[in-house]
Structures are given as C-alpha cells and as structure tokens.
Colleague: 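Before anything else, here's the structure in question.
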2 protein chains.
Amino acid sequence: MKKVSLSDIARELGVSKTLVSLVLNGRGDEVGINKETQQRVVAMAEKMNYKPNLVARGLRLGASKTIGLVIPNIANPFFARIARVVEDEADKYGFRVMSVSSDEKPEKEISLIQVLLERQIDGLILATCLKGKEEIRSLKNDKIPFVLIDRHFPQVKTNYVVVDNRAGAFQVVDHLLRQGYRKIGLLKISPSHITPIRLRHQGYHDALKAHGIRYDKKLVKEIPFGSIDEVMEEALRELLQRPVNAEALFFLNNDLTVAGLNVIKKFGLRIPQDVAIVSFDDLQLFRLLYPPITAVAQPWREMGREAVRILMKEIEASRYPEEKEQIVLPPEIRIRKSSERF
Amino acid sequence: MKKVSLSDIARELGVSKTLVSLVLNGRGDEVGINKETQQRVVAMAEKMNYKPNLVARGLRLGASKTIGLVIPNIANPFFARIARVVEDEADKYGFRVMSVSSDEKPEKEISLIQVLLERQIDGLILATCLKGKEEIRSLKNDKIPFVLIDRHFPQVKTNYVVVDNRAGAFQVVDHLLRQGYRKIGLLKISPSHITPIRLRHQGYHDALKAHGIRYDKKLVKEIPFGSIDEVMEEALRELLQRPVNAEALFFLNNDLTVAGLNVIKKFGLRIPQDVAIVSFDDLQLFRLLYPPITAVAQPWREMGREAVRILMKEIEASRYPEEKEQIVLPPEIRIRKSSERF
DNA sequence: TGCCCTTTCTAAAACATTTTAGGTCGAAAA
DNA sequence: TTTTCGACCTAAAATGTTTTAGAAAGGGCA
C-alpha cells in the first residue's frame with residue numbers, strides 16, 4: 001500500500017497535478033478553477049486518504065517548518081519545562097520542534113547542530129554549552145536564525161533571552177548574609193565557562209563584598225556535570241568539616257541542589273541548624289521538603305515564549321536582520337525555611 | 001549566501017554530480033573513481049563547507065531517519081526521562097526524535113500523529129491517550145511502524161512495552177493493608193480509560209479483595225488531567241473528612257502525588273500519622289521528603305530502550321512484520337516511611 | 001472573418017539528492 | 001585491424017511538491 005501522491009489523485013481524475021495542488025492549497029478560487037472540479041478534487045483526496053508530503057514541500061519551498069532546540073538535558077526539569085513551552089509556542093506558528101540534549105559537551109553540541117542544519121531546520125533555540133565567540137560566530141555565518149536562551153555571550157551580537165543571574169545570586173546570598181551566615185559554600189557545575197554559572201558566581205562574590213566579607217576560594221567547589229552524585233559527597237565533606245566549616249550552601253543549579261540534599265540527608269545533618277541551603281532554580285517539590293528550600297525561581301515560561309517569538313520574527317523576515325533582541329528577565333527569590341537563622 | 005549543493009561542487013570541479021554524490025557517500029572505491037579525483041572532491045566539499053541536504057535525500061530515499069515520540073507531557077519527569085532515553089537510543093541508530101505532547105487529549109494526539117506522518121517520520125513511539133482499538137487500528141492501516149509504551153491495548157495486536165501496573169498497585173496496596181491501613185483512598189487521573197490507570201485501579205481492587213476488604217466507591221476520586229491542582233483540594237477534603245475518613249491515600253501517578261502532597265501540607269496533616277501515602281511512579285525527590293514517600297518505581301530506562309530497539313527492528317525489516325513484540329516489565333516497590341504504621 | 005478576452009486548465013522547471021543504465025577512451029588481446 | 005576489457009565517468013530519471021509561463025476553447029465585438 002504505497003502512499004498517495006498528488007499525481008495519483010490527478011491521474012485518477014484525469015487532471016494535472018498542478019490543478020490538484022492549487023485546489024488543495026486553497027488557491028482554487030484565486031486562480032479560477034471550476035467550482036465543480038474543485039469539489040471533485042477535494043472529494044477524491046479525501047477518498048484516497050491523501051496526506052501531503054511535507055518533506056517534498058519543504059524541499060521545493062526551502063523551508064521545513066521545523067526548529068531545533070538544543071539543551072543540555074531534556075531530563076532536567078528546568079529544560080523540560082522550557083521544551084514544553086517552546087513546543088506549544090512554536091505550534092502556534094505551525095512549527096514543530098526537534099530537541100536534542102548536549103550533555104554539556106561542546107563537541108556533542110556542535111555535531112548535533114550540524115545534524116539539525118542538515119535536516120534543514122528553519123531556526124534554532126540554544127541553551128548552549130559552547131565555549132565562545134568563535135563557535136557561535138560560525139552559526140552566524142551559516143545565516144541560520146537562532147536565539148540563545150539561559151546562556152549568552154555578552155560580547156557577541158546575537159538574540160538572547162536570559163535571566164538576571166547575577167542579581168538572583170546576589171539577592172539570595174545577600175539574604176543569607178542578613179540572616180547572619182558568614183561562611184557560605186558555593187557549589188558550581190563543571191563546564192563552568194557557561195555564562196549563568198559565571199554570573200551566579202559573580203553575584204555570590206558581589207554580595208560578599210557588599211557585606212565586607214572576604215571571598216574565600218576554599219568555600220567554592222566545582223562538580224563535573226557528568227558525575228554529580230559521585231563527587232558531591234566528597235565536596236560537601238570538605239566544605240562542612242574542619243577547617244572550612246561552611247554554615248550555609250549555595251547550589252548553582254537544581255541538579256546540584258538535589259544531589260546535595262541527598263548527601264546532607266546521608267550525613268544526618270539538620271537544615272538549617274547544621275547547614276542552611278539555598279538553590280538557584282526552584283523545583284516544584286522544593287517547597288514540600290522539610291524544611292522547604294529557599295530558591296531563585298526562573299521565569300521559564302517567559303523565556304520559552306520570548307525565544308520563540310524572536311525566532312519566528314527572524315524566520316519570517318526574509319532578510320537576515322542585523323538588529324538583535326536581547327532580553328534579561330528578572331528572577332524571583334523565594335525565601336523558605338532552609339535559609340532561616342535557627 | 002546560498003547553501004552549497006552537490007551540483008555546485010560538481011560545477012566547480014567540472015565533474016558530474018553523480019560522481020560527487022558517490023564519492024561523498026564513500027562509494028568512490030566501490031565504483032572505481034580515481035583516487036585523485038576523490039581527493040579533489042572531498043577537498044572541495046570541505047572548502048565550500050558543503051552540508052548534505054537530508055530533506056532531499058529523505059525525499060529520494062523515502063526515509064527521513066526521524067521517529068516521532070508522542071507523550072502526554074514532556075514536562076512530566078516520567079516522560080521527560082523516557083524522552084531522554086529514546087533520544088539517546090535512537091541516536092545510536094542514526095535517528096533523530098521529534099517529540100510532541102498530547103495533554104491527554106485524543107483529538108490533539110490524532111492531529112499530532114497526522115502532522116508527524118506528513119513529515120514522513122519512519123516510525124512512532126506512543127504513550128497514547130487514544131480511546132481504543134479503532135484509532136490504533138487506523139495507524140496499523142497506515143503501515144507505519146510503531147511501538148506503544150506505558151499504555152497498551154491488550155485486544156489489539158501491536159508492539160508494546162509497559163510496566164506491570166496491576167502487580168505494582170497490588171503490591172503497594174497490599175503493603176498498606178499489612179501495615180494495618182483499612183480505608184485507602186484512591187486518586188485516579190481523569191482520562192481514566194487509559195490502561196495503566198485502569199490496571200492500577202484493578203490492582204488496588206484485587207489487593208483489597210485478597211485481604212477480604214470491601215471495595216468502597218466513596219474512597220475513589222477522579223481528578224481531571226487539566227486541572228489537578230484545582231480539584232485535588234476538594235477531593236482530599238472529601239476523602240479525609242467524615243464520613244469517609246480515609247487513613248491512607250494511593251496516588252496513581254506522580255502529578256497526583258505532588259498535588260496531593262501540596263494539599264496535605266496545606267491541611268497541616270502529618271504523614272503517616274494522620275494519613276499514609278503511597279505513589280505510583282517514583283520521583284528523585286520523594287526519598288528526600290519528610291517523611292520519604294513510598295512509591296512504585298517504573299523501569300523507564302528499559303522502557304525507552306526496548307521501545308527503540310523494537311521500533312528499529314521493524315523499520316529495518318523491509319516488510320511490515322506480522323509478529324509483534326509485547327513486553328511487560330516488573331515495577332519495583334520502594335517502601336519508605338510515608339506508609340509506615342506510626 | 002479576424003482579433004481579443006475569459007475561463008479553465010496544463011507542461012515543465014525547480015528543489016537536492018540517489019540510482020540506473022550506460023558512455024568514452026585507451027590499451028591489451030585476438 | 002578489430003575486438004574486448006577495464007578504468008573512469010556521466011546523463012537522465014526518479015522522489016512529491018509548488019510555481020511559472022502559457023495553452024486551448026469559446027464567446028463577444030469590430
């Protein structure tokens with residue numbers, strides 16, 4: 001049972017496939033096809049269960065009506081939620097989404113982007129782990145419309161939608177400091193060149209400074225993306241024991257927070273009596289934990305929506321526009337018991 | 001800057017595009033193209049930054065090397081994890097995944113499948129919310145290879161990979177009963193025709209029966225997928241107050257559990273002293289809650305992996321095979337404090 | 001009668017590939 | 001000298017669309 005094509009319908013009716021194409025695309029009246037003929041075509045298409053081949057159309061039209069979404073990991077709830085928003089928003093424009101996970105590996109990301117381009121996607125939304133300017137510039141050379149989300153390169157002129165990472169980190173660390181915590185451990189994720197991590201680190205740094213507290217490298221630990229669970233225990237042991245004796249911990253993303261909470265539970269420590277906790281990125285269950293976890297909530301809905309809007313604008317503009325949209329969204333600090341002074 | 005095609009390379013080198021195509025597909029030696037010519041082609045392709053157009057290739061070859069993944073919601077961690085596994089496994093076969101969320105709406109799912117087919121996907125993995133036989137049969141008529149996951153239709157001969165929902169529910173309810181709980185509230189999700197929900201309900205029912213306890217309809221509540229948060233509070237109020245007075249609650253999926261926990265916290269009830277809790281589907285954070293939540297863990301990794309394996313087997317088999325693979329995986333019961341007798 | 005205009009439709013090109021069925025040319029064999 | 005063979009390469013078709021350019025037929029008008 002082969003698939004039904006325009007030609008099949010045309011042959012069956014003894015007309016040209018041009019006519020069939022025109023009618024099925026609703027241009028029948030416009031080009032003056034006899035009403036009755038139009039009806040016959042529609043009826044026959046129906047009867048033969050015709051489905052247009054969008055691949056062929058895409059080839060002819062040079063547009064696939066598909067966008068690519070490159071993220072570190074679809075299994076991370078932050079990105080899963082964004083993926084959902086992107087899917088819904090793109091749908092409004094008649095676009096499908098192909099999403100791929102880079103695992104924070106630049107080489108993998110490059111090859112994924114390559115594959116997406118070969119598949120003739122019309123645009124890209126990227127939470128990129130690329131190191132920098134060069135690689136992003138090569139995208140610009142491809143003249144493919146794209147929007148960066150979550151992570152951006154201030155030095156390169158691109159569209160982006162990000163959250164104010166520095167401000168979020170600053171506020172939550174400032175909060176800890178006001179509660180009287182002094183020794184605040186910082187847990188970073190390891191490809192640490194990515195902007196949000198750098199900026200959150202910066203916010204931490206600035207908050208300390210604003211309170212006149214010395215920045216201490218010994219309080220900062222870096223955990224590799226691929227082996228969070230394995231490394232976290234050792235990192236926390238070092239942070240929480242002598243000589244460091246951290247009183248509070250700031251986890252820079254939700255993966256770290258979850259892993260950290262596991263270890264803290266294993267150590268049998270009480271939050272916040274033994275150690276206070278704050279997290280960048282809020283998860284639905286954080287407010288149900290005991291105690292609830294203070295977190296910087298990110299506006300994922302807006303991030304996804306804006307990214308799609310900008311991308312569609314650029315795709316629909318026939319020329320590749322020079323001006324780029326750059327959006328920085330405010331985070332929301334959700335103070336909960338995990339960071340209270342006991 | 002237009003995209004570079006085979007013809008461009010051919011023209012540049014003064015050879016035919018046939019030759020270029022053969023060389024770039026690694027068939028140069030096989031068909032006896034001069035080594036030196038081969039090198040010139042490869043070098044020129046490199047120089048011109050040639051990227052094959054997979055859409056054109058797909059059109060010619062009648063295969064898109066893309067599969068569709070239809071799930072209720074990519075933002076649900078259970079499905080997000082499956083999506084990740086499917087992505088990784090499909091990649092091993094050189095396939096990309098297009099995933100779409102149906103929101104448990106059959107009409108939406110039908111239209112999504114339609115669109116995926118128009119895009120010439122080579123196969124489908126479905127966690128379907130379709131009502132039944134008819135609609136699935138129409139897929140079979142399309143002769144498109146597909147595998148059902150999570151949800152299946154025992155009466156229809158299809159590939160599927162599911163978990164033993166009845167057994168999982170039976171065991172966890174049996175556990176509650178052994179702890180001495182008698183009045184066990186059941187929270188179902190609302191398009192309740194889908195098999196896992198029916199079978200989990202069945203398991204609940206069977207466990208009660210095995211303990212000689214009367215099944216009481218008043219203990220069963222149905223929550224619509226689209227408005228879980230809104231409806232949960234009222235449902236729990238009815239279950240936990242007189243005259244029902246449920247002593248324990250069994251949530252049939254993770255969305256329900258999370259929503260339920262929110263309400264229980266709001267009511268200020270203690271777990272398990274005031275109400276014991278068990279969940280079908282385990283989330284990473286359940287073991288960190290206070291108290292940790294007893295849950296039926298699903299083998300999502302195997303589910304994704306097997307689904308892809310079966311699908312690839314069917315795609316690669318030239319004929320549409322008659323025999324179907326049907327896999328039922330065992331769940332794992334994780335007993336935690338939320339279901340202890342206090 | 002010849003011309004032009006409408007109405008209704010179509011042939012062919014184009015998109016970028018892969019594949020089929022050859023073609024050319026020089027050298028070796030007969 | 002002709003044939004054959006091998007090495008190397010190519011023209012054209014095919015995939016399923018959309019679009020461009022124009023054709024056929026019939027009627028009105030000078």
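Predicted model, so just to flag it, every value in this text is computed and none were measured.
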Colleague: Across the strands shown, which category fits A/G14 at heavy-atom distances under 4.0 angstrom: base, sugar-phosphate, nothing?
Modeller: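 Result for A/G14 = sugar-phosphate.
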Colleague: Which is true for B/K51 with a 4.0 Å heavy-atom rule: it touches a base, it touches only sugar-phosphate, or it touches nothing?
Modeller: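 The residue B/K51 makes sugar-phosphate contact but no base contact.
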Colleague: Tell me whether the OP1 or OP2 atom of D/dC9 has a side-chain N or O from B/N34 closer than 4.0 Å.
Modeller: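 Answer no for this pair, as no side-chain N or O of B/N34 is under 4.0 Å from OP1 or OP2.
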Colleague: From CG of B/N53 over to C1' of C/dA14, roughly how many Å is that when rounded to an integer?
Modeller: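 After rounding, the gap between these two atoms is 14 Å.
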Colleague: Taking any heavy-atom pair under 4.0 Å as a contact, classify B/L61: base, sugar-phosphate, or nothing.
Modeller: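 If one applies the 4.0 Å heavy-atom cut-off, B/L61 turns out to touch the sugar-phosphate alone, with no base involved.
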Colleague: Round to the nearest Å and state the distance from A/I33 atom CD1 to D/dT19 atom P.
Modeller: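 So the two atoms are 14 Å apart, to the nearest Å.
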Colleague: Quick one: are A/H152 and A/Q326 in side-chain contact, heavy atoms under 4.5 Å?
Modeller: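 Answer no - side chains too far apart.
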Colleague: Is there a side-chain polar atom (N or O) of B/S21 under 4.0 Å from OP1 or OP2 of C/dT17?
Modeller: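 Checking B/S21 against C/dT17: no side-chain N or O falls below 4.0 Å of OP1 or OP2.
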Colleague: Does A/Q155 have more than 12 heavy atoms from other residues, nucleotides or ligands lying within 6.0 Å of its CD?
Modeller: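 Correct, the count exceeds 12.
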Colleague: Name the nucleic acid region contacted by A/S5, choosing base, sugar-phosphate or nothing; use a 4.0 angstrom heavy-atom cut-off, strictly under.
Modeller: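 A/S5: backbone/sugar contact only, no base atoms under 4.0 Å.
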Colleague: When we call it a touch if two heavy atoms are under 4.0 Å apart, what does B/G32 touch: a base, just sugar-phosphate, or nothing?
Modeller: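 Base contact.
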Colleague: Measure the distance from CD on B/E30 to C1' on C/dT20 and round it to the nearest whole Å.
Modeller: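 Atom-to-atom, B/E30 to C/dT20, this comes out as 14 Å.
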Colleague: Look at the side chain of A/R60 and decide which nucleotide, out of C/dC9, D/dA14, C/dA14, has an atom nearest to it.
Modeller: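 Among C/dC9, D/dA14, C/dA14, the one nearest the side chain of A/R60 is C/dA14.
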Colleague: Specify the separation, in whole Å, of atom CG of A/L54 and atom C1' of C/dC15.
Modeller: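 From A/L54 CG to C/dC15 C1': 15 Å.
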Colleague: From CD of B/E36 over to P of D/dC8, roughly how many Å is that when rounded to an integer?
Modeller: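 These atoms are roughly 11 Å apart.
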Colleague: Do A/K140 and A/K157 have side chains that approach each other closer than 4.5 Å (heavy atoms only, starting at C-beta)?
Modeller: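 Touching, per the 4.5 Å side-chain cut-off.
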Colleague: In terms of side-chain heavy atoms of A/T37, which of D/dT19, C/dC9, D/dC9 is nearest?
Modeller: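 Of D/dT19, C/dC9, D/dC9, C/dC9 is nearest to the side chain of A/T37.
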Colleague: For the salt bridge (Lys or Arg N to Asp or Glu O under 4.0 Å) test, which of B/E314, B/E316, B/E325, B/E89 pairs with B/R309?
Modeller: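 With B/R309 as partner, B/E314, B/E316, B/E325, B/E89 yield a single salt bridge (Lys or Arg N to Asp or Glu O under 4.0 Å), made by B/E325.
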Colleague: For DNA chain D, whose closest nucleotide is more 5', that of B/T18 or that of A/L6?
Modeller: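 Final value for this comparison: B/T18.
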Colleague: Please report the distance, rounded to the nearest Å, between CG in A/L24 and P in D/dT18.
Modeller: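 Rounded to whole Å, this separation is 8 Å.
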Colleague: Picking from C/dT18, D/dA12, D/dG16, which would you name as closest to the side chain of B/L59?
Modeller: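 Closest nucleotide among those given: D/dG16.
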Colleague: Between P on C/dA11 and CZ on A/R11, what's the gap in Å once rounded to a whole number?
Modeller: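 Spelled out: CZ on A/R11 to P on C/dA11 is 13 Å.
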Colleague: Which is true for B/V55 with a 4.0 Å heavy-atom rule: it touches a base, it touches only sugar-phosphate, or it touches nothing?
Modeller: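 B/V55: no heavy atom of the nucleic acid under 4.0 Å.
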Colleague: Which nucleotide sits closest to the side chain of B/S16: D/dT10, C/dA12, C/dT17?
Modeller: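 Selected nucleotide: D/dT10.
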Colleague: Side chains of B/L148 and B/N159, heavy atoms from C-beta outward: is any pair under 4.5 Å?
Modeller: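 The answer is no; the side chains never approach within 4.5 Å.
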Colleague: Whole Å only: how far is the NZ atom of B/K17 from the C1' atom of D/dT10?
Modeller: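 That distance rounds to 11 Å.
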Colleague: So, the side chain of A/N73 versus the backbone of A/D103: is there a donor-acceptor pair under 3.5 Å, distance only?
Modeller: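 Absent.
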Colleague: Taking only the side-chain heavy atoms of A/R57 (C-beta and beyond), determine which of D/dC9, C/dT17, D/dT17 contains the nearest atom.
Modeller: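 Closest nucleotide among those given: D/dT17.
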